[in-house]
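Data block below; observations after.
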Amino acid sequence: MQHPQYILVSLSNPIWTYGPWKLFQLVLPPGVVIFWRITKIFITHLHGDHFFGLPGLLCTISLQSGSTVTKQPIEIYGPAGLRDFIWRTMELSHTELVFPYVVHELVPTADQCPTEELKDFVHVNRADSPPKDGQGRTILLDSEENSYLLVDDEQFVVKAFRLFHRIPSFGFSVMEKKRPGKLNAQKLKDLGVPPGPAYGKLKNGISVVLENGVTISPQDVLKKPIVGRKICILGDCSGVVGDGGVKLCFEADLLIHEATLDDAQMDKAKEHGHSTPQMAAAFAKLCQAKRLVLTHFSQRYKPVALAREGETDGIVELKKQAESVLDLQEVTLAEDFMVIGIPIKK
């Protein structure tokens with residue numbers, strides 16, 4: 001079975017994709033071919049540097065897909081207003097893709113940004129707006145869960161939660177569903193289940209009937225289910241809105257959080273709707289996240305390769321600031337071509 005690819009996108013920064021085994025950081029330099037089929041894209045917020053690249057990405061995927069037309073759509077999730085932007089861009093550029101796309105819009109709440117910055121794109125209804133067919137869902141906040149349910153399939157549950165930024169921003173939680181436990185070889189033997197196809201059926205949750213008429217259920221021979229992995233990524237923000245983010249990110253295997261400015265400039269960071277290493281680490285600690293990755297650094301901080309010994313304006317200083325909050329638990333600084341493996345739990 002072909003596994004889906006999930007992308008958590010900041011198109012001016014590294015693009016994080018989550019497949020069934022690892023978290024990938026996808027970088028698109030000239031000449032690089034995307035060999036896998038992207039099925040879902042998630043946009044955190046509608047600042048231009050975080051989504052203007054989306055039409056180009058769709059065109060690139062279409063070109064690399066060849067001339068074969070497919071009915072399998074790419075599903076795009078993002079704040080209200082995204083649907084109209086993509087449709088208008090494709091219309092103005094006379095772009096024809098070899099696949100359909102569907103845009104699901106998240107309706108933000110008024111407390112996700114300063115009042116003067118809140119714009120209502122939900123009721124856009126002009127004559128030249130996107131056709132209603134295939135528009136996708138308009139997703140409202142679940143007030144009880146304090147989150148947005150985006151995807152719930154055989155393998156994953158993807159939810160969004162609210163963040164505070166200069167404009168409404170969202171975080172995403174990608175949760176892998178439980179895997180069936182291992183087969184108990186001794187129980188299989190004791191119950192007289194012959195090796196072969198019956199083992200596979202039981203592993204896949206299907207009961208089998210033995211030659212003597214006895215029915216063996218999966219729960220009779222399977223060990224405890226294996227808990228799924230969880231990855232959470234926060235878009236630009238100076239904090240979460242409500243308790244949805246804390247609940248969804250609790251005990252995350254990997255938490256990706258922006259840290260635009262250093263702790264000495266916390267007031268400035270908050271003024272512009274951003275975070276510092278201390279803020280990111282405090283949230284990770286509150287959620288009891290197992291690993292923190294910092295990203296979205298201001299260009300004023302020198303990359304590791306360019307920093308000189310003793311300098312305090314490199315991104316290594318941001319790492320130290322976050323680790324001091326997490327009691328020296330190692331913090332990862334995101335960089336191009338980074339691949340982070342997340343082992344299957346035992």
Indicate, with yes or no, if Ile38 and Val69 share a hydrophobic cluster defined by side-chain heavy-atom contacts under 4.5 Å among Ile, Leu, Val, Met, Phe, Trp and Tyr. no
dist Phe164:CZ -> Ser169:OG (nearest 0.5 Å) comes out at 11.0 Å
Applied to residues 187-201, the side-chain hydrogen bond (donor to acceptor under 3.5 Å, both in side chains) test, sequence neighbours excluded, yields Gln186-Asp190
Practice task
Look at the side-chain heavy atoms of Ile, Leu, Val, Met, Phe, Trp and Tyr, link any pair under 4.5 Å apart, and say whether Phe297 and Met279 land in one connected group.
Solution key: no
How far apart are the C-alpha atoms of His47 and His165, what are their side-chain angles, what is the distance that settles it, and do they pass the side chain to side chain donor-acceptor pair (under 3.5 Å) test? CA-CA 10 Å; His47 271 149; His165 186 46; 3.3 Å; yes
- Message: Please check this pair: side chain of Arg83 against backbone of Val103, looking for a donor-acceptor N/O pair closer than 3.5 Å.
- Response: yes
A quick test of your reading: do over 12 heavy atoms of other residues, nucleotides or ligands sit less than 6.0 Å from CD of Glu116? yes
Subject >> Residues Lys159 and Asp152 bridged, charged N to O under 4.0 Å >> reply: no
Of all heavy-atom pairs linking Ile226 and Pro180, the shortest is CD1-O, 4.0 Å
Taken in chain and number order and not counting sequence neighbours, the residues that satisfy salt bridge (Lys or Arg N to Asp or Glu O under 4.0 Å) with Lys203 are none
Let me check something: any side-chain donor-acceptor pairs from residues 208-222 under 3.5 Å, sequence neighbours excluded? List them with distances.
unit_1	atom_1	unit_2	atom_2	d
Asn212	OD1	Val214	N	3.0
Asp220	OD2	Ser217	N	2.9

Side-chain contact, heavy-atom cut-off 4.5 Å: Leu255 with Ile233?
no
Rounding to 0.5 Å, atoms NZ (Lys177) and CZ (Phe156) come to a distance of 10.5 Å
When rounded to the nearest 0.5 Å, the distance separating CG of Leu92 from NE2 of His94 is 7.5 Å
Honestly curious: do Val98 and Ile41 fall in one hydrophobic cluster under the side-chain, below-4.5 Å linking rule?
yes
Closest non-hydrogen atoms of Ile342 and Arg229, given as atom of the first, atom of the second and distance, are O-NH1, 2.7 Å
Any heavy-atom pair between the side chains of Val157 and Val174 that's under 4.5 Å? no
Please check: side-chain N/O of Glu323 versus main-chain N/O of Val331, any donor-acceptor pairing under 3.5 Å?
yes
Those residues at least two apart in sequence (or on a different chain) that pass side chain to side chain contact (heavy atoms under 4.5 Å, CB included) with Tyr148 are Leu106, Thr109, Gln112, Ile139, Leu141, Leu150, Ala160, Arg162, Phe170
Carboxylate-amine/guanidinium proximity below 4.0 Å for Arg166 and Glu117: no
Counting C-beta onward and ignoring hydrogens, is there a side-chain heavy-atom pair between Thr332 and Met338 closer than 4.5 Å? yes
Quick note, side-chain hydrogen bond (donor to acceptor under 3.5 Å, both in side chains) partners involving residues 267-280, not counting sequence neighbours, are Glu258-His274, Thr260-His274, Asp263-Thr276
The reported gap from CD1 in Ile256 to OG1 in Thr295 (rounded to nearest 0.5 angstrom) is 8.0 Å
Distance col, row Lys230:NZ vs Asp253:CG, nearest 0.5 angstrom, shows 8.0 Å
Taking it one step at a time, do Arg300 and Gln265 satisfy side chain to side chain donor-acceptor pair (under 3.5 Å)?
CA-CA 12 Å; Arg300 72 179 65 197; Gln265 302 185 78; 3.0 Å; yes
Do Leu63 and Tyr101 sit in the same hydrophobic cluster, where Ile, Leu, Val, Met, Phe, Trp and Tyr count as joined when their side-chain heavy atoms come under 4.5 Å apart? no
What side-chain donor-acceptor pairs closer than 3.5 Å can you find for residues 237-248, not counting sequence neighbours?
unit_1	atom_1	unit_2	atom_2	d
Asp243	OD1	Asn146	ND2	3.0

Anything under 30° is parallel, anything over 60° is perpendicular, the rest tilted; go ahead and classify Tyr77 against Phe42. parallel
OG1 of Thr44 to CG of Leu234, rounded to nearest 0.5 Å, is 9.5 Å
Here the pair of heavy atoms bringing Ile43 nearest to Phe172 is O-CZ, 3.4 Å
Closest non-hydrogen atoms of Ala281 and Leu326, given as atom of the first, atom of the second and distance, are O-CD2, 3.5 Å
Closest heavy-atom pair, Lys178 versus Val227, reported as atoms and distance to 0.1 Å, is CG-CA, 4.3 Å
Check your understanding: Does Thr89 use its side chain to pair, donor to acceptor, with the backbone of Phe85 at less than 3.5 Å?
Key -> yes
Nearest heavy-atom approach of Phe283 to His257 is CD2-CD2, 4.0 Å
Check whether any side-chain N or O of His104 sits under 3.5 Å from a backbone N or O of Gly136 as a donor-acceptor pair, and report yes or no.
no
Between Glu75 and Thr39, is there a donor-acceptor pair closer than 3.5 Å when you use the side chain of the first and the backbone of the second?
no
Treating Gln64 as the side-chain partner and Cys59 as the backbone partner, does any N or O pair qualify as donor plus acceptor under 3.5 Å? no
